[in-house]
Amino acid sequence: MKKIIPIAKVRGYATNKTIRLSDKTIEKSQLASIFFLDVGNMALFIARIFRETFSRNFEFKEFLRQCYEIGNKSLPLIAVTGAIMGVVLTIQSRPALASFGAVTMLPGMVAVSIVREIGPVITALICAGKVGSGMGAELGSMKVSEQIDAMEVSATSPFKFLVVTRVLAATLMLPILVIFADGFGIFGSWIGVNIKGDVNLVLFTSQAFGSIDFMDFIPALVKSYFFGAVIGIVGCYKGYNAGKGTESVGKAANSAVVLASLMVIIVDLIAVQITDMLA
Amino acid sequence: MKKGEPDTIVNDSVGNSSQEPMINIENLNVAFGPLQVLKGLSLKLYKEENLVVLGKSGSGKSVLIKCIVQLLKPDSGTIEVLGSNVGSLNRKELGELRKKIGFLFQSGALYDSMTVRENLEFPLVRIRRKMSKKEVDDKIKEALENVGLADALNKMPSELSGGMRKRISLARTLVVDPLIMLYDEPTTGLDPVTSDEISELINLVQKKYKTSSIIITHDIECARNTANRILMLHDGEVHTEGTIENFEKSNDSLIKSFFK
């Protein structure tokens, strides 16, 4: 069906010209406007985080609690996943290296892969799932049950208490989790090597760490801060702006995971380009 | 009376019109898209009175009190609270004004990750930053005793019944000594006995804390027990205003459907 939309004014001059737009075009333009509105709102959300972080009366106690929630409670999952990734990577890489007679390079190669890329990205994706969805669901349900409104009307700042603390805690804790993931990944790799061989742990670690230099470690650590910030911002944004009803809590949690994961990959792509340029 | 105009009970003895109102709302309009929820609504709340706002679901009662604390922004009209035009206040000034207003949410809105004590502490330590720990403890104890739940201090909201949640929520608003109380459906979802207890509590708060209150409800028993004055909303407009006696004697079909 075609709709006739009058062009009411063009540069201040009234005109009686009309244009024809299909329903599909109108629908697409509405989707585009929703997208740009969302981007604009998120930009304002990020600006508010900066403003409120440096304003008075920082919620330090809540910040520490969130650090504990994000860091301590994610550690077992990160440790298990890191170790398994180390084992898998070692087992998968061994035949290829063996065909070149370069099995001795296995610890170094796996360590560089884990420290530069696999450790930060896998940790960030796990946290996007665990922490991002948790933030989206928790803030979403607080919004639906009017708890955020209750904070607002009691003359306290729910944004400072709920959002700023969570975003900062995620930003600070993710690099720490990445270091643990790297450590467990290298340990897993040692287990992987020992499945078909017998290598001493000290020898393995000295070979692994001997292959890693400063420029492998620092860019990975720096991008981990950005991963943490992205996960915190997206999780809180989706939860804080959840709609009404229980359905929106699920939607907030789901979209927090999807968008945070996508953003982690995009940030990683940008970080790799910047590291490559600097190298 | 013109055809289609609502039956209005005008009673000059209602409210103390010689006083400066605590809340003065003039010509308030609120719309959500094409749906006009409030249509030019005006009301006054006087010092230490309980004003009950009655109306069917969807008549704009909750929207009205959410506009007073600026949880919702009206499309037009003025809202003056304690002499300040809330629409023209900046964030800081609005925060200062909100410290003087208590808001009891329909669901209670207790922070479910915190204990009862932490719920009460939350506004208190942030609004009164200079209070000592002992003063905070005493204030929390006093507020809980006033709502009859002194022993619930260390319980989580999930361990409380519906009535207890409402009482704790009321205690949370009382710890900061509000001048104005806004109750959003205080008895909804409660059994008749607990509803009566909550109504008594509303009267107790009025006497003890000298509060002026707007009570949003469609519970006639609650209105009977608490109202100094009643205002009935219908389709976003003030349909009728008067005392409980005026309403009980009215022949208006809408009022009768509530008071039958």
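So you know, we letter chains A, B, ... as the sequences are listed, proteins then strands, and number each from 1. Every value quoted in this text rests on a predicted model; they were computed, and no experiment measured them.
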| A/Glu27, CD atom: more than 12 neighbouring heavy atoms under 6.0 Å | no
| field | Per-residue contact mode, A/Thr156 against chain B (heavy atom under 4.5 angstrom) | value | side chain
| B/Ser169 side, atom OG; A/Glu146 side, atom CD - distance, nearest 0.5 Å | 10.0 Å
| said: What's the separation between atom CD in A/Glu62 and atom CZ in B/Phe122, rounded to the nearest 0.5 Å? | reply: 8.0 Å
| message | Using 0.5 Å steps for rounding, measure from the CZ atom of B/Arg126 to the CE atom of A/Met151. | response | 7.5 Å
| Nearest non-hydrogen partners of A/Ser145 and B/Ser107, listed with the distance | O-OG, 3.5 Å
| field | Within 6.0 Å of NZ in A/Lys251, more than 12 heavy atoms from elsewhere | value | no
| message | Check this for me: B/Tyr209, atom OH, are more than 12 non-hydrogen atoms of other residues, nucleotides or ligands nearer than 6.0 Å? | response | yes
| Interface residue of largest heavy-atom contact number with chain A, from B/Leu182, B/Val176, B/Leu110, under 4.5 Å | B/Leu110
| field | side chain to side chain contact (heavy atoms under 4.5 Å, CB included) evaluation trace for B/Ile101 with A/Val153 | value | CA-CA 8 Å; B/Ile101 304 172; A/Val153 295; over 6 Å; no
| A/Glu247, CD: over 12 other non-hydrogen atoms inside 6.0 angstrom | no
| query | For A/Phe50, does the CZ atom sit with more than 12 other heavy atoms under 6.0 Å from it, leaving out its own atoms? | reply | no
| query | For the candidates B/Gln106, B/Arg129, B/Arg172, which exhibits the highest count of non-hydrogen atom pairs separated by less than 4.5 Å from chain A? | reply | B/Arg129
| note | Nearest heavy-atom contact between B/Tyr111 and A/Ser154 is OH-OG, 4.0 Å
| query | Nearest heavy-atom pair of B/Arg91 and A/Arg51: which atoms, and what distance? | reply | NH2-NH2, 4.0 Å
| message | Within the supplied structure, the quantity of interest is the number of heavy atoms (other residues, nucleotides, ligands) at a distance under 6.0 Å from B/Lys56 NZ; does it exceed 12? | response | no
| said: Testing the basics here: between B/Gly95 and A/Ala155, what is the closest heavy-atom pair and its distance to 0.1 Å? | reply: O-CB, 3.3 Å
| message | Test your reading of the model: is there a side-chain donor-acceptor pair from A/Gln147 to the backbone of B/Asp112, 3.5 Å cut-off? | response | yes
| note | Between the CG atom in B/Leu72 and the CG atom in A/Asp149, the distance rounded to the nearest 0.5 Å is 8.0 Å
